[in-house]
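Given the structure is predicted, the values throughout are model-derived calculations rather than measurements. Order of the sequence lines sets the chain letters (A, B, ...), proteins ahead of strands, with each chain counted from 1.
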There are 2 protein chains.
Amino acid sequence: MDQFTNAHRPLYEVKANLFKGLAHPVRVRVLEVLASADHVSVADLLSDTGLEASHLSQHLAVLRRHNLVVAERRASQVFYRLAYPQVADLLAISRQLLVDILQNTQQQLDSTINLADAVAPRGPDSTSTS
Amino acid sequence: MDQFTNAHRPLYEVKANLFKGLAHPVRVRVLEVLASADHVSVADLLSDTGLEASHLSQHLAVLRRHNLVVAERRASQVFYRLAYPQVADLLAISRQLLVDILQNTQQQLDSTINLADAVAPRGPDSTSTS
DNA sequence: CAACGATATGATGAATTTATTCATTCATAA
DNA sequence: TTATGAATGAATAAATTCATCATATCGTTG
């Protein structure tokens with residue numbers, strides 16, 4: 001029932017669950033705003049993202065349940081911040097990874113086009129497959 | 001339609017998509033094996049995980065589509081390895097984060113138990129005149 | 001070539017997640 | 001108190017993902 005009671009479960013399940021918490025564009029967007037600006041009000045998130053209030057709120061609830069963010073009330077407004085700095089690290093590394101992936105797949109595309117007729121491929125790591 | 005054609009989409013969508021690729025226990029497990037042992041055959045993954053062949057294969061396909069692993073055929077067997085070292089980094093940081101989260105929530109639980117009696121709960125009835 | 005072992009793919013219903021609508025709570029102001 | 005703005009929460013249909021079964025493909029061996 002409760003997938004958020006992380007204790008006493010195989011680590012790979014808990015880890016997969018963490019990634020589930022990150023696996024939505026809205027939530028990534030929110031986390032990125034929080035990573036760069038820290039301490040942001042729901043109102044600001046709303047205008048930043050252009051989402052419907054309840055939709056955003058639902059995703060904020062997911063982030064809270066996953067212990068990725070912390071909410072704090074300050075006079076009729078609610079402010080969010082990242083619960084742990086590693087969340088920002090995760091986002092940073094995933095960006096690095098994506099840059100590498102995009103570069104690489106772009107290269108592959110290019111070479112595929114280049115040898116559209118014949119010769120031996122010159123991939124980034126192809127060590128003389130002759 | 002094709003969520004794997006990463007080009008020309010907002011980065012937060014691509015990033016969320018990456019996390020989706022990581023968001024399953026079987027896939028995390030496979031990636032962790034590859035992170036520690038690199039270059040592992042499907043047969044080994046099968047015996048390691050005890051999964052049904054087609055089930056594992058399906059998850060391997062997901063990992064391939066997300067460009068997280070690379071498959072290489074060597075004489076009737078297929079070997080997998082991580083496509084990028086950052087994938088291992090991602091796993092490592094997520095473990096760190098989870099350790100922190102678990103520590104923290106455990107502490108919170110403890111203190112909650114400690115003051116389980118004294119706190120005055122808010123209620124609709126006004127019988128709480130001390 | 002045919003048969004076999006090793007992987008991969010397709011198709012299906014079950015389970016989960018998402019987007020939306022409506023209703024509710026909380027805090028301040030009148 | 002009632003009204004109002006800010007944010008959350010429930011309920012539900014649509015979309016997605018998962019697990020399982022059956023079938024297909026790729027290499028090797030006979």
For the residue pair [X] and [Y], establish whether any side-chain heavy-atom pair is separated by less than 4.5 Å.
| X | Y | value |
| --- | --- | --- |
| L18(B) | H66(B) | no |
| I101(A) | Y84(B) | yes |
| Y80(A) | R64(A) | yes |

Task: Partner of V87(B) under side-chain contact (heavy atoms from CB on, under 4.5 Å), chosen from N67(B), L82(B), V69(B) - done: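 Only match with V87(B) under side-chain contact (heavy atoms from CB on, under 4.5 Å): L82(B).
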Q.
What's L60(A) touching, base or sugar-phosphate or nothing? Going by heavy atoms closer than 4.0 Å.
A.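 Contact class for L60(A): sugar-phosphate only.
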- Working to the nearest 0.5 Å, report the span between CG of L22(A) and CG of L22(B).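 L22(A) CG to L22(B) CG: 9.0 Å, rounded to 0.5 Å.
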*Where along residues 48-56 of chain B does a heavy atom come under 4.0 Å from DNA chain D, residue by residue in number order?*
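The answer is E52(B), S54(B), H55(B).
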- Go through residues 70-83 of chain A and report each residue with a non-hydrogen atom lying under 4.0 Å from DNA chain D, sorted by number.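 Correct list: S76(A), Q77(A), V78(A), Y80(A).
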Note to self: Closest-nucleotide mapping onto DNA chain C: is R64(B) or Q58(A) further toward the 5' terminus? I mean the 5' end.
What the structure shows: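 Comparing both residues, the 5'-ward one is R64(B).
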Check your understanding: If only atom types and distance count, is the side chain of S57(B) paired as donor or acceptor with the main-chain N or O of A53(B) below 3.5 Å?
Key ->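 Answer holds: no.
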Spell out, as yes or no, whether a donor-acceptor pair under 3.5 Å connects the side chain of R27(A) to the backbone of K20(A).
->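 Indeed, once roles are kept as given, a pair shorter than 3.5 Å links the two residues.
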Start and end of the DNA chain D segment that chain A contacts, any atom under 4.0 Å from a heavy atom =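 Contact boundaries, 5' end first: dA6(D) to dA11(D).
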Q: Taking all heavy atoms of E72(A) and all of H39(A), pick out the closest pair and write down the distance.
A: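 Closest heavy-atom pair between E72(A) and H39(A): OE1-NE2, 4.0 Å.
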- Query: Do any side-chain nitrogens or oxygens of H59(A) fall under 4.0 Å of OP1 or OP2 in dT17(C)?
  - Reply: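 So the side-chain polar atoms of H59(A) never come under 4.0 Å of the phosphate oxygens OP1 or OP2 of dT17(C).
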**OP:** Give the rounded distance in Å between these two atoms: CG of D44(B) and P of dA6(C).
**Re:**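 Spelled out: CG on D44(B) to P on dA6(C) is 12 Å.
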Between E32(B) and K15(A), is there a side-chain N and carboxylate O pair less than 4.0 Å apart?
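Yes.
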- Could you check whether the rings of H24(B) and H59(B) sit parallel, tilted or perpendicular, using 30° and 60° as the cut-offs?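 H24(B) and H59(B): tilted rings.
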